[in-house]
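One structure below.
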Amino acid sequence: MSALLTGTPLAGRVAVVTGASSGIGAATAQRLAQLGAKVAVMARRKDKLDTLVDSIQAAGGVAMALPVDVTDREAVHAAADQVAEQLGRADLVFNNAGVQLVSAIDELRLDDWQRQIDLNITGVMNVIGAFLPQLSTAAEAGRPADLITTSSIAATRILEKFSIYSGTKAYISHLTRLLRVELGPKNIRVATIEPGMVDTELPDHVTDPDASKLMADLIEQVDVLQSSDIAETVAFMAAVPRHVNLTEITILPTAQAI
């Protein structure tokens with residue numbers, strides 16, 4: 001997707017991006033910074049974050065690295081304090097960290113199940129718990145406040161062997177609908193983005209041969225989404241007027257049938 005936004009419509013915003021060490025997170029952090037936001041990038045891999053921050057700063061942006069595992073609640077809350085102290089209170093949270101581990105349910109890959117639940121659900125909740133007070137402060141001051149979480153088309157599609165992953169993403173999509181009931185009246189925009197096949201490193205974690213073939217075939221046969229496509233979409237969601245909430249966006253490669 002070519003850049004749709006121009007200028008610095010996010011000037012004055014303070015953004016937090018989790019899962020920022022690669023793929024969608026890294027691309028979105030860069031794009032938000034290009035559009036004027038100060039960006040705090042969060043992930044486990046410090047070296048990747050440092051490279052990303054260097055890139056953003058070299059382009060004239062403002063960024064800070066937070067090497068944090070979002071499954072660690074105390075660490076996430078400490079990171080939130082750092083953001084407020086160094087960049088100002090966050091008013092744009094892109095809750096993007098996640099993992100995809102696909103297997104048949106009767107293989108009983110209990111560790112894989114738990115890893116997905118820990119990161120895709122508990123990690124998401126830890127970030128919400130840490131940054132919601134900052135989003136509330138922004139909204140109360142009359143500024144835009146955005147909580148955007150990465151779900152997946154797997155939240156609604158019925159895909160064999162994706163049961164645990166799909167379940168975690170269904171949680172995120174429905175959580176968005178529920179949180180809007182509470183937070184929308186407080187002028188906090190709550191949104192989820194549900195991508196189809198994106199050319200990121202996420203499929204590299206998939207060990208099931210059937211699922212691996214499905215993804216490899218899509219990448220070979222279809223003009224799949226790029227991380228920059230998702231980044232531009234997230235930026236647009238945050239840049240629209242404050243009274244507009246693009247709350248659920250499904251984004252698919254045009255030629256992807258499933």
Side-chain angles (χ1 to χ4, degrees), residues 17-28 42-45 48 69-72 94-128 148-177 191-231 233-234 248-258:
V17 179
T18 70
S21 57
S22 65
I24 291 170
T28 301
M42 190 182 302
R44 291 176 301 161
R45 294 179 288 183
K48 298 278 190 180
D69 184 339
V70 295
T71 66
D72 183 338
F94 183 38
N95 208 352
N96 169 70
V99 66
Q100 180 185 68
L101 303 171
V102 179
S103 63
I105 199 70
D106 56 9
E107 291 179 22
L108 299 177
R109 296 192 181 183
L110 306 186
D111 289 344
D112 285 358
W113 299 359
Q114 195 62 52
R115 176 63 180 152
Q116 291 176 100
I117 292 167
D118 289 346
L119 185 53
N120 299 0
I121 294 179
T122 303
V124 163
M125 297 310 298
N126 286 344
V127 171
I128 293 171
I148 304 172
T149 305
T150 302
S151 182
S152 166
I153 61 164
T156 54
R157 269 58 167 186
I158 308 303
L159 302 169
E160 187 179 8
K161 300 184 179 181
F162 280 70
S163 54
I164 307 303
Y165 176 74
S166 293
T168 65
K169 293 302 184 179
Y171 175 94
I172 288 170
S173 291
H174 200 49
L175 178 71
T176 298
R177 301 173 193 120
T192 188
I193 186 163
E194 298 177 340
M197 191 65 201
V198 185
D199 188 7
T200 71
E201 67 177 32
L202 198 65
D204 295 345
H205 302 291
V206 176
T207 57
D208 180 83
D210 293 334
S212 295
K213 184 177 187 306
L214 171 67
M215 295 176 185
D217 287 349
L218 274 174
I219 290 174
E220 181 180 343
Q221 298 166 10
V222 172
D223 188 5
V224 299
L225 301 171
Q226 301 300 313
S227 295
S228 59
D229 298 324
I230 310 302
T233 304
V234 172
E248 293 185 56
I249 293 185
T250 300
I251 176 169
L252 286 163
T254 300
Q256 181 179 341
I258 58 171

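Because the structure is a prediction, the values reported are computed rather than measured.
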Give a yes or no on this: more than 12 heavy atoms of other residues, nucleotides or ligands lie within 6.0 Å of atom CZ of Arg44. no
Please check: side-chain N/O of Thr18 versus main-chain N/O of Ala97, any donor-acceptor pairing under 3.5 Å? yes
Taking all atoms of both residues into account, what is the closest heavy-atom pair of Asp199 and Ser227, and its distance? O-OG, 4.3 Å
Can you tell me how far apart OG1 (Thr150) and CG (Asn120) are? Round to the nearest 0.5 Å. 10.5 Å
Counting only heavy atoms not in Ile158, do more than 12 fall under 6.0 Å of its CD1? no
Taking atom OG1 of Thr156 and atom NE2 of His174, what is their separation to the nearest 0.5 Å? 13.5 Å
How about Gln114 and Asp118: does a side-chain donor come under 3.5 Å of a side-chain acceptor? yes
Determine whether Thr250 and Ile153 make a side-chain contact, defined as any pair of heavy atoms from C-beta on separated by less than 4.5 Å. yes
Out of curiosity, Arg115 CZ to Ile164 CD1, how far, rounded to the nearest 0.5 Å? 15.0 Å
Among Thr192, Ile128, Thr149, whose side-chain contact (heavy atoms from CB on, under 4.5 Å) with Leu175 holds? Ile128
Show the nearest heavy-atom pair for residues Ala20 and Ala43, with the distance to one decimal. N-CB, 3.9 Å
With side chains defined as the heavy atoms from C-beta onward, is the minimum distance between Ser22 and Arg45 less than 4.5 Å? yes
Between atom CZ of Phe162 and atom CD of Gln116, what is the distance when rounded to the nearest 0.5 Å? 10.0 Å
Heavy-atom side-chain contact between Met197 and Val222 under 4.5 Å: no
Side chains of Val70 and Asn126, heavy atoms from C-beta outward: is any pair under 4.5 Å? no
Show the numbers, then the answer: is there a side chain to side chain contact (heavy atoms under 4.5 Å, CB included) between Arg109 and Val102? CA-CA 9 Å; Arg109 296 192 181 183; Val102 179; over 6 Å; no
Quick one, Trp113 with Leu101, criterion side chain to side chain contact (heavy atoms under 4.5 Å, CB included). Give me CA distance, side-chain angles, the key distance, then yes/no. CA-CA 8 Å; Trp113 299 359; Leu101 303 171; over 6 Å; no
Could you grab the distance from atom OG of Ser152 to atom CD1 of Ile193, nearest 0.5 Å is fine? 11.0 Å
Just by distance, no angles: are the side chains of Ser173 and Glu194 close enough, under 3.5 Å, to form a donor-acceptor pair? yes
Has the side chain of Thr71 got a donor or acceptor atom that lies under 3.5 Å from a matching backbone atom of Leu119? no
Value rounded to 0.5 Å, distance of OG1 in Thr168 from CD1 in Ile117: 8.0 Å
Find out whether Thr28 and Asn96 are in side-chain contact, i.e. whether some heavy atom of one side chain is under 4.5 Å from a heavy atom of the other. no
Do NZ/NE/NH1/NH2 and the carboxylate oxygens of Arg177 and Glu248 come within less than 4.0 Å? yes
